[in-house]
2 protein chains.
Amino acid sequence: MRPEDLPEVRHLPLFRDMDKNNFDELLGRSYDQTFPAGLEMIRQGDPADFLHVVLDGAVELYGKWGGRECTMAVIRPVSTFILAACIKDLPYLMSARTLERSRILLIPAPDLRTTFRRDTEFAVSVINELAACYRAVVRNTKGLKLRNSRERVASYFLRQSRLLDDAPSYMLPVEKRLLASYLGMTPENLSRTLKALESHGVKVNGMRVIITDRVKLAELAQPDILIDGPDPDALGSGSSLPPVQRRA
Amino acid sequence: MRPEDLPEVRHLPLFRDMDKNNFDELLGRSYDQTFPAGLEMIRQGDPADFLHVVLDGAVELYGKWGGRECTMAVIRPVSTFILAACIKDLPYLMSARTLERSRILLIPAPDLRTTFRRDTEFAVSVINELAACYRAVVRNTKGLKLRNSRERVASYFLRQSRLLDDAPSYMLPVEKRLLASYLGMTPENLSRTLKALESHGVKVNGMRVIITDRVKLAELAQPDILIDGPDPDALGSGSSLPPVQRRA
DNA sequence: GCGAAAACTTGACGCAGATCAAGTTTTGGC
DNA sequence: GCCAAAACTTGATCTGCGTCAAGTTTTCGC
């Protein structure tokens, strides 16, 4: 891997507190690999051989069943994903494909497991990471079961804005097609919902989201700390889209 | 707590590998409390002061938003719940109420956190528990997003049967009202779905489920290892109903 | 074991959201 | 910068599921 990536990986909550030597050894056993866009890197059901770290690009995690697919998360640099499968040494529950050309660091799962057994600080980090991931998925489930799709879209927009210090405008971090699937709806329904939301305080123009009336939007979305955070959550939780890019 | 409960708690995957002295100390600092039926023991948003262990009775975990509620899980003895909130020292994401008179062991969260810092085996157990919980919730999410309600009911029935070595008949572990909410549907819709499933290999009579044609039912449910398990999962994962009682 | 409350069922109806089928716009490779 | 492919939008239609309302059955406290 490129030497300039090392500090970025080291600064991840998962790795920042572990012993320096253990970190170096773990990274030393890892592989830096580049994948073209649109490649299925992981097929759900495959044995979990490596913890993945996105160094560059973007990766979609999704589930398949029968002929259907649903987007579970999109991971952007620098974050890890599929930690739980590696720890349990069980098959991946989700598939992963690159959305663009991506550089991925592959950390062998067995090394991961031996490392947290001998490095308490790392074990604590793993515990915190997993607990955060778990809570992220639970919050996501609550949103899916308690809100209808219009409410999910509205609260997604507010949540993203909040991550940018309540920015009134920002760019969507992913295509609408993916956003729709992530939110558990069809692209057609999302499209119509966006139009309907124009009278509720938010306007979407291409990839740009413009919050025109935050109060009105919040009235509809009824943002809830126990669903929308903030909660210092893991990004690679397998249930969130990446934070938005700030307006240029 | 009653001395006869101790071995049952000790045999939980979360506690069985830790140092005996640490276990005894942890339990020594805990409280054994009995709650009447129908009591809201935990209100979502409360600070996570205790890890809960159901010793007797049954506890429903549920989420609230606006005026709506949804059942996330039902916990039966002997299992723990809300581990993640305790570890992160963050508010509970779910509320909990007793479904019947229940005896609960309360383990102070701070003691929990200090214990896994000095007991590696316990830390590893916590890691495994959290990873299992995480995977359970992810599988649950996949089921919610990829299956329609009829498919969810059908696969729930098959899953329960499989937990009893493919028993052709068993009793529902919870009221239909709860099952409906857990599966993300209304009681009315569940009721109608049950009738419709009679021509697809399963008959429900009161609380009794009778699988009349396993092949036909499986055709509809399309059971999938990556959604329905088996996967040696945590029961207190916050996303499953208890295993069924075997036919008397 | 009686009576009220809760759980469950059934029917009628409406709506949110899926599906199908064209368009139109945007993206990206050569 | 052009062209094809993909993403997005829009409309028409259908349907799964929620809602409301009125039973019926089961449960449970006294």
Side-chain angles (χ1 to χ4, degrees), chain A residues 36-39 57-58 60 65-71 74 97-101 143-154 156 171-200 203-209 220, chain B residues 36-39 57-58 60 65-71 74 97-101 143-154 171-198 200 203-209 220:
Chain A
L39 188 90
E60 177 194 3
W65 180 76
R68 303 169 213 169
E69 273 189 24
C70 73
T71 301
V74 172
R97 70 165 74 93
T98 50
L99 293 175
E100 28 186 284
R101 181 179 167 84
L144 276 176
K145 289 179 81 171
L146 290 167
R147 285 173 169 154
N148 64 27
S149 51
R150 201 177 57 161
E151 291 159 346
R152 290 200 295 277
V153 174
Y156 174 77
M171 303 302 285
L172 285 175
V174 295
E175 292 177 340
K176 288 179 193 165
R177 182 179 58 89
L178 282 181
L179 177 60
S181 179
Y182 171 70
L183 294 173
M185 54 202 295
T186 59
E188 294 97 321
N189 189 24
L190 174 60
S191 195
R192 279 184 255 271
T193 302
L194 292 184
K195 202 191 283 185
L197 284 179
E198 287 182 13
S199 57
H200 290 272
K203 175 116 185 47
V204 178
N205 213 310
M207 293 270 99
R208 161 141 286 137
V209 178
L220 179 68
Chain B
L39 187 90
E60 177 194 3
W65 180 76
R68 302 168 214 171
E69 273 190 23
C70 71
T71 301
V74 172
R97 70 163 77 93
T98 50
L99 293 176
E100 27 187 285
R101 180 179 167 84
L144 275 176
K145 289 179 81 172
L146 290 167
R147 286 173 169 154
N148 64 29
S149 50
R150 201 178 58 161
E151 291 160 345
R152 289 200 296 276
V153 174
M171 302 302 285
L172 285 175
V174 296
E175 292 177 340
K176 290 180 192 163
R177 183 179 58 89
L178 282 182
L179 177 60
S181 178
Y182 170 70
L183 293 173
M185 55 202 293
T186 59
E188 294 95 324
N189 189 24
L190 175 60
S191 195
R192 279 184 256 271
T193 300
L194 292 184
K195 201 190 286 185
L197 284 180
E198 287 183 13
H200 290 271
K203 174 115 185 50
V204 178
N205 213 311
M207 294 268 99
R208 159 142 287 136
V209 179
L220 179 69

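Order of the sequence lines fixes the chain letters, A, B, ..., with proteins taken first and strands second; residue numbering starts at 1 for each chain. These numbers come from a predicted model, not from an experiment.
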Requested in this report: Kindly say whether, by distance alone, the side chain of B/Arg192 makes a donor-acceptor pair under 3.5 Å with the base of D/dT19?
Outcome: yes
Report task. Record whether the side chain of A/Glu188 comes under 3.5 Å of the base of C/dC20 through a donor-acceptor pair of N or O atoms. Result -> yes
Does [X] have a side-chain nitrogen or oxygen under 4.0 Å from the phosphate oxygens OP1 or OP2 of [N]?
X: A/Lys195; N: D/dT10; value: yes
X: A/Asn189; N: C/dA18; value: yes
X: A/Lys176; N: C/dT26; value: no
X: B/Thr186; N: D/dC17; value: no
X: A/Ser149; N: C/dG17; value: yes

Using whole Å, report how far [atom1] of [X] lies from [atom2] of [N].
X: B/Leu179; N: C/dA7; atom1: CG; atom2: C1'; result: 14 Å
X: A/Arg177; N: D/dA5; atom1: CZ; atom2: P; result: 17 Å
X: A/Lys145; N: D/dG18; atom1: NZ; atom2: C1'; result: 16 Å
X: B/Met171; N: D/dT26; atom1: CE; atom2: C1'; result: 13 Å
X: A/Met185; N: D/dC8; atom1: CE; atom2: P; result: 13 Å
X: A/Arg208; N: D/dC8; atom1: CZ; atom2: P; result: 16 Å
X: B/Leu197; N: D/dC17; atom1: CG; atom2: P; result: 11 Å
X: A/Arg150; N: D/dG18; atom1: CZ; atom2: C1'; result: 16 Å

Query - Heavy-atom donor-acceptor pair, A/Arg152 side chain to A/Arg147 backbone, under 3.5 Å - result: yes
Report summary line: Note: for A/Leu190 and B/Leu190 on DNA chain C, the residue whose nearest nucleotide lies more 5' is B/Leu190
Query raised in the report: Are A/Lys203 and A/Arg208 close enough, and set up right, to give a side-chain contact (heavy atoms from CB on, under 4.5 Å), and what steps lead you there?
Result: CA-CA 8 Å; A/Lys203 175 116 185 47; A/Arg208 161 141 286 137; over 6 Å; no
**Report entry** Most 5' of A/Glu175 and B/Gly184 on DNA chain D, judged by nearest nucleotide
**Finding:** A/Glu175
Query raised in the report: So what does B/Gly38 touch, heavy atoms closer than 4.0 Å: a base, only the sugar-phosphate, or nothing?
Result: nothing
Report task. May I have the step-by-step check of side-chain contact (heavy atoms from CB on, under 4.5 Å) for B/Glu175 and B/Leu99, ending in yes or no? Result -> CA-CA 10 Å; B/Glu175 292 177 340; B/Leu99 293 176; over 6 Å; no
Query raised in the report: Among all residues two or more places apart in sequence or in another chain, which pass the side-chain contact (heavy atoms from CB on, under 4.5 Å) test with B/Thr193?
Result: B/Arg150, B/Val153, B/Met185, B/Asn189, B/Leu197
Query raised in the report: Hey, what do you get for CG (B/Leu190) to CZ (B/Arg177), rounding to the nearest 0.5 Å?
Result: 12.0 Å
